[in-house]
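Before any comments, here is the structure.
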Amino acid sequence: MGESKLISSNRIETIDVLRGFALAGILYAHMIIWYTGASLPREVYFSYLSTADYVAFAIFGALVFGKFYSVFSFLFGLGFYLHFRRKKSESGYVRVYAWRLFLLFIIGIIHHTIWRGDILAIYAVLGIILIAFRRLPVNTLIVIALVLITNLPNHLYDAIVTENTTPNMSLPMEAKAESYNLLVDKGSFLDNITGNLNSW
């Protein structure tokens, strides 16, 4: 009984509720795109246009798109902060967190071989970067955050490397959407695993 109380006392229920809330939103987002791990052809997205579809897409656009992913990502960062605040008095606390990230990465890789839309492996890599950034001054972190929020690195890459100055208004990965749709629709399970691995 005492052990169960100890375990529950180490949980922050508000964060658990927010995680569940974010996961519910991500689940809804995946319902909208038929649980695919990458973009589908444009005509697939607009092949169902009943009143219910319009309502579902309106809810998705107003309340879900981008927002639940942001909440989930924020909670990942918050979990990072709480771990380092609680465990910094213990020896090997950085190694423990790095080990958790490694396990998360392995789970993400396995998940990606089955479903191309995995985010866990990306979180694991970003978690390693967070460890390196944790001692930077707050002002430096704010500048880095603003650079990333404005997507400045991508804009510079487009302007310098690709010489593309016009905004890309097409759906994400539209050029590969047809082949991906064909793979999911007609390919075998092994074909999908091979294709997902190659998509890295």
Side-chain angles (χ1 to χ4, degrees), residues 19 22-48 53 56-57 60-61 64-77 79-80 97-133 147-200:
R19 282 196 185 104
L23 284 172
I26 291 171
L27 176 64
Y28 183 83
H30 290 316
M31 288 179 184
I32 293 293
I33 59 172
W34 301 289
Y35 301 102
T36 57
S39 295
L40 297 172
R42 185 182 297 268
E43 61 270 14
V44 176
Y45 287 110
F46 298 106
S47 58
Y48 301 99
D53 292 304
F57 272 107
F60 175 71
V64 177
F65 183 67
K67 298 174 178 66
F68 283 93
Y69 296 98
S70 299
V71 172
F72 203 59
S73 297
F74 170 78
L75 291 172
F76 177 80
F80 170 88
Y97 192 79
W99 172 248
R100 291 179 179 177
L101 291 176
F102 174 74
L103 294 177
L104 185 67
F105 182 76
I106 296 300
I107 293 170
I109 292 292
I110 295 171
H111 182 214
H112 182 84
T113 62
I114 300 170
W115 191 77
R116 193 175 295 190
D118 176 75
I119 192 79
L120 301 179
I122 296 173
Y123 278 143
V125 173
L126 293 177
I128 294 295
I129 296 174
L130 278 178
I131 293 175
F133 276 45
V147 168
L148 295 176
I149 288 171
T150 56
N151 204 18
L152 184 60
N154 191 52
H155 292 310
L156 290 174
Y157 178 84
D158 282 345
I160 297 171
V161 179
T162 66
E163 298 181 355
N164 177 22
T165 56
T166 58
N168 183 11
M169 302 303 291
S170 62
L171 293 171
M173 297 174 65
E174 190 170 11
K176 297 182 180 179
E178 289 286 350
S179 61
Y180 176 71
N181 187 45
L182 185 63
L183 176 68
V184 173
D185 192 35
K186 305 293 184 182
S188 67
F189 181 66
L190 184 59
D191 290 335
N192 274 271
I193 287 179
T194 304
N196 291 339
L197 285 173
N198 290 335
S199 72
W200 274 100

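For clarity, every value in this text was computed on a predicted model and none was experimentally measured.
Taking each heavy atom of V147 and T150 in turn, the nearest pair found is O-OG1, 3.1 Å. Taking all atoms of both residues into account, the shortest heavy-atom contact from Y97 to G127 is CE2-O, 4.4 Å. Taking both residues in full, the closest heavy atoms of D191 and L183 are given as O-CD1, 3.6 Å, listed atom of the first, atom of the second, then distance. L104 and A124 get closest at one heavy-atom pair: CD2-N, 4.0 Å. For the residue pair L101 and Y123, the shortest heavy atom distance occurs at CD2-O, 4.4 Å.
Atom CG in L126 sits 10.5 Å away from atom CZ in F133 (nearest 0.5 Å). Interatomic distance, CG of N192 versus CG of L197, reported as 11.0 Å (0.5 Å rounding). Taken from CG in N196 to CD1 in I193, the straight-line distance is 8.0 Å, to the nearest 0.5 Å.
Looking at N198, its side chain never comes within 3.5 Å of a backbone N or O of G195 through a donor-acceptor pair.
Annotation: side-chain hydrogen bond (donor to acceptor under 3.5 Å, both in side chains) contacts involving residues 104-113, sequence neighbours excluded, comprise H111-D118, H112-S199, H112-W200.
Taking the side chain to side chain contact (heavy atoms under 4.5 Å, CB included) definition, one finds that A56 meets it with Y28, I32, sequence neighbours left out. In this structure F102 satisfies the ring pair (Phe, Tyr, Trp, His ring centres under 6.0 Å) test together with W99, sequence neighbours excluded.
Inter-residue side-chain proximity for F76 and L130 is flagged as met; some heavy-atom pair is nearer than 4.5 Å. Between L27 and L23 there is no side-chain heavy-atom pair separated by less than 4.5 Å.
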